[in-house]
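Indexing begins at 1, ligand by ligand and atom by atom, following the structure's order. Sequence positions, counted from 1, serve as the residue numbers for this chain.
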Amino acid sequence: MTKTTVRKKINNAFWATFAKNYWEKKPGAFKGRDFTLLEIDAQQIFELLLLYSDHCRKTRTIEGLKFYIDGQKQYIDDVLELLPLKHDRSLHGYHQRLSRELSDYCLVCDELMQVSMAHWNLLGEFMRGLYKHTGLPNRFAEIGLYLGNYRKTPFGVHVDGCGVLSIPVAGVKTFRLWTPEFIEKNPDLKEAHSYGNYKKNSSLLTAKPGDITYWPSKYWHIAESDGSFSATWSIGVWVDQPASELLIQTIRPLISRKLKSNAKSSSIHFASPPAENGHIGNLPSVLNESIQTLLNLSKAELHDVFLRRWLETVSKNGFKNAPKPNLQSRLKRQDRLQRKSSQPITWSVLSDRRLCIAANGILIDLPNSEKTISLIENLNLGKTCAVNKVNALEFTCLQTLLQNHAVTKVISRSKV
Ligand SMILES: [Fe+2]
């Protein structure tokens, strides 16, 4: 009789305990869990990799890809030669082909989730469970797939500035960690590839498919392996940016736009030259004018700048990159649409009474109207939207939502 494993669900209670006891506090390994990302199995990942590799070969680009052999980063022509091929058939088939030649290789792919909306949705669901208790990171989150038989992380013992959730999809993954305090006292460990003397001061996290490991952003770490094959998702949640930096980034475009008229010349003239005793009495006029420009900024303008940024961040689940738009998707008047993304299309009314709609990191501005709000609300409730009933601006908005994977066309039964 086969023994069935009962996996514990990663649910709201798990994330609440995780946020309280582990988040940015200490590492943890959570074994035999059930969570949305497990639905993406090794075969699906192979197919995603193949899709992405075909795109790279076609465009002769390797954006989001890195390939290391014996710890050495490879150049584009070599990387393109080494990517998965259709006849590999599976991750293990790919590994068998590569391992005949390479005893230590590592493929990192950062863009994989962005090529499949179904997978992107599963990732979003997973992250929203975490964010409910930790909030969204000030910088961003990102996800990469690490695959290969490499014995150690190519760049040695390092720290990233992001908390890391690791989720193996094939093989067993081991990480060795040191506390920031220990590294402070033993700086020779930084970027080290051999660290035998310090093993006793480290902790080990081991995970296989179905497990999740976590370490906080300040922990130094290195992946280890006995040379067997593994493939692992690594979710980095970048928490190294203070909120003040985020706020400055957000208002910078508004302030530069406003100040442009004040600073037309490339030099600043004295109001009056410094006195003999060194005293500077008056600000140059351009600086006085700039103060006035800043004071003229209204609360509503600042509110809308922050609100738009927040809508954008929430709509892409705090990730740096959302799936790229498909500009080939064209909407027709006879189409019917349904929501495609796992989270609601977010929207808000700005201070100037305009409506701002956000999905997968894009923002759409529209005149505020009860009818448009009800259209978005109905899509969020799972209802079907008949495109022939919308006005021209709503049509353009729906087309943008379609191209950005927030809605999808409903295929009528007669076409199936
Ligand atoms: Fe790392």
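Trp15 contributes atom CH2, which lies 12.5 Å from atom NZ of Lys132 (distance to the nearest 0.5 angstrom).
Counting heavy atoms from C-beta outward, Arg33 and Asp211 have side chains that stay 4.5 Å or more apart.
Counting only protein N, O or S atoms, 3 lie closer than 2.8 Å to the Fe ion (ligand 1).
Taking Lys409 as the reference, Asp335 meet the salt bridge (charged side-chain N to carboxylate O under 4.0 Å, His left out) condition, with sequence neighbours excluded.
Thr372 and Glu394 form a side-chain donor-acceptor contact under 3.5 Å, judged by distance and modelled atom types alone.
The residues Lys316 and Glu312 are annotated as salt-bridged, a charged nitrogen and a carboxylate oxygen being separated by less than 4.0 angstrom. Under the 4.0 Å criterion applied to side-chain N and carboxylate O atoms, Lys324 and Glu111 are assigned as salt-bridge partners.
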